[in-house]
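Presented below is the structure to which this report refers.
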Amino acid sequence: MLERVVISITNRCNLHCIHCYANSGQEDSNTLTTTELERIVEQVARSSAQYLIISGGEPMLTPDRLECVAINANKLGLKTILTTNGTLIDSHTAKWLKRLKIDTVQISLDSDRAEEHEFIRGKGTFRSAVNGIQTIVDNGLNCHIMMVAFKHNVERISSLAILSKELGVNLLAVDRFVPTGRGKFSDNLDLSKDELIKLHSQVLEIKNEKYIPISTNDPICNAIYLKRMGLQNFDWAKDANLGCTAGTRLCMISANGVVYPCTFINVPIGNIRENNLKDILENSPLITALKERDKFKGKCGNCNVRYICGGCRAHALSTYKDILEEDPCC
C-alpha cells in the first residue's frame, strides 16, 4: 500500500553534489507548473499515501512551488516532509516554513566533520548545513538529518549521532549510497559488503542504546534487526511489502512529471501529465513485478527474509542492469 510520494518541484540546485541521483543543476524547461502541482497533490491525497515529500533539486529555490504544494497538502490532510541541503535556511525562511505548516524539515548532513560532508557537497557547505539545522530546531520545527553513507564517511555514523543529539534534531536517517544519476560517474563511493556491515552495526547499536532515534531505508539492515530479535518465520509478511519500498510503499514524481518507482530507479512507469497516479501504479508491469518477490532472481528470490527485505532494487539495477536481480551487497 502506497505510503509516501516524493515530488520534485524543481531540478534547479545551488550545489553540485557528486552523488546526486537527480543530476540536479539547471532548471528543466518542462518543469511542472503550480497549477499542475496542485492537481498532483489532489491525486496523492486521493491515494493511500499519508506523506508527501517535497524534493528537488533544491526546493528552497522555488518558493512559489513549495508554498503551493505545502498549502494544498496541508488542506487535504497530507503530512509534508521537505528535503533540503539546508544552505538557504535562515531565521526568515524557517519562520516561513513554520507558517506553511511543514511537518518535518529533513536536512542533508553526511558527517560530523566538514571533511567528509564537503567532499560530497562542496566547500563551505558543512557550516551552512549545520547552521540551517540549528535554525530549524530553534524555530520549533521537527528536524531530521539525512546522512548518505559511502566509503569515506561510513565510520562517522556514531559520531554524527552524537552531533545530531547535540543539535536537538528528532531523527537521524541513514541511507547507503546508490550509484545512480551523477553518482554513477563517481568512482570509489559505493560500500563493500564489509562496509555495509559496519553501517548496520552502528545503526543497530545506536538503536539499541536509544541515544537518538535512528532509521535506515536499507532493507538489509531492517532484515538483520528483525532476525536479531529472534524472528525465524516471515511468511506473515508476504503481502506487507516490507523492506525495499520501491514502487510498493513509495513512488517518485519528477519535476517534469515522469513517475518512477523510487528516487534511485531511473526507469519510468508513466507520466502524471498523461495519466493519473492511481492508474499509473495499478497498470505498471514493473510495479507488479516489484511486488512479486518470489520471482526475484539470485539470492533475493530464494531468501527466507525476502518478504521483509527484498534487497535494494536500485542496487540490483545499477549492478546487473536487471531490477529483479539480487542485491549485490547482501
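Because the structure is predicted, anything quoted here is derived from the model rather than measured. Just so you know, these numbers use all the heavy atoms, side chains as well, and skip hydrogens, waters and symmetry mates.
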Exercise. Going by heavy atoms in the side chains, are Lys95 and Ser91 under 4.5 Å from each other?
Worked result: yes
For this session: Answer whether the closest heavy-atom distance between the side chains of Arg176 and Leu199 falls below 4.5 Å.
Result: yes
For this session: Evaluate the side chain to side chain contact (heavy atoms under 4.5 Å, CB included) criterion for residues Glu195 and Glu155: first the C-alpha distance (whole Å), next the side-chain angles of each, then the deciding distance (0.1 Å), finally the verdict.
Result: CA-CA 9 Å; Glu195 288 163 338; Glu155 304 275 5; over 6 Å; no
Problem set entry | Residue pair Leu109 / Leu163, side-chain heavy-atom distance below 4.5 Å | yes
Problem set entry | Gap between atom CD1 of Ile323 and atom CG of Leu290 - 0.5 Å precision | 5.0 Å
Exercise. If we only count heavy atoms from C-beta on, is the Met60 to Asn85 side-chain gap below 4.5 Å?
Worked result: no
For this session: Could you tell me whether the side chain of Arg293 and the main chain of Tyr307 form a donor-acceptor pair under 3.5 Å?
Result: yes
For this session: May I ask you to test the Asn170-Pro213 pair for a side-chain heavy-atom distance under 4.5 Å?
Result: no
For this session: Go through the side-chain N and O atoms of Asp90 and Thr93 and say whether any donor and acceptor fall under 3.5 Å apart.
Result: yes
For this session: Could you walk me through whether Asp194 and Ser192 pass the side chain to side chain donor-acceptor pair (under 3.5 Å) test, one step at a time?
Result: CA-CA 5 Å; Asp194 288 342; Ser192 66; 5.3 Å; no
For this session: State the OG-CD distance between Ser47 and Glu42, to the nearest 0.5 angstrom.
Result: 12.5 Å
Exercise. So, does Asp103 use its side chain to make a donor-acceptor pair with the main chain of Ile81 at under 3.5 Å?
Worked result: no
Exercise. Between atom CD of Glu67 and atom CG of Asn72, what is the distance when rounded to the nearest 0.5 Å?
Worked result: 10.0 Å
Exercise. Going by the angle between their ring planes, with limits at 30° and 60°, are Phe150 and Phe119 parallel, tilted or perpendicular?
Worked result: parallel
Problem set entry | Check against salt bridge (charged side-chain N to carboxylate O under 4.0 Å, His left out), Arg306 and Asp294 | CA-CA 8 Å; Arg306 60 187 176 276; Asp294 291 340; 2.8 Å; yes
Exercise. Is there a side-chain contact between Leu76 and Val44 (heavy atoms, below 4.5 Å)?
Worked result: no
For this session: Taking the side chain as every heavy atom from C-beta outward, state whether Cys143 and Ile133 have any pair of such atoms under 4.5 Å apart.
Result: yes
Exercise. Does NZ in Lys79 sit with more than 12 non-hydrogen atoms of other residues, nucleotides or ligands closer than 6.0 Å?
Worked result: no
For this session: With rounding to the nearest 0.5 Å, note down the distance linking CD1 in Ile53 to CG in Leu78.
Result: 11.5 Å
Exercise. His200 and Asp218: side-chain donor and acceptor closer than 3.5 Å?
Worked result: yes
Problem set entry | Reported CD-to-CG distance for the pair Glu38 and Leu32, which is rounded to 0.5 angstrom | 13.0 Å
Exercise. Measuring from Arg113:CZ to Phe126:CZ, what's the distance to the nearest 0.5 Å?
Worked result: 10.0 Å
Problem set entry | Any Thr10 side-chain heavy atom under 4.5 Å of Glu58 side chain | no
Problem set entry | Side-chain (Thr319) to main-chain (Ala316) donor-acceptor, under 3.5 angstrom | no
For this session: Verify side chain to side chain contact (heavy atoms under 4.5 Å, CB included) between Arg121 and Cys17, making sure each step is shown before the conclusion.
Result: CA-CA 4 Å; Arg121 301 183 186 273; Cys17 304; 3.5 Å; yes
Exercise. Between Ser55 and Thr83, does any side-chain donor sit less than 3.5 Å from a side-chain acceptor?
Worked result: yes
Exercise. Taking NZ, NE, NH1 and NH2 as the nitrogens, is one of them in Arg12 or Glu27 under 4.0 Å from a carboxylate oxygen of the other?
Worked result: no
Exercise. Are side-chain N/O atoms of Asp28 and Asn11 paired as donor and acceptor at under 3.5 Å?
Worked result: no
Exercise. Between Asp327 and Lys299, does at least one N-O distance fall below 4.0 Å, as a salt bridge requires?
Worked result: no
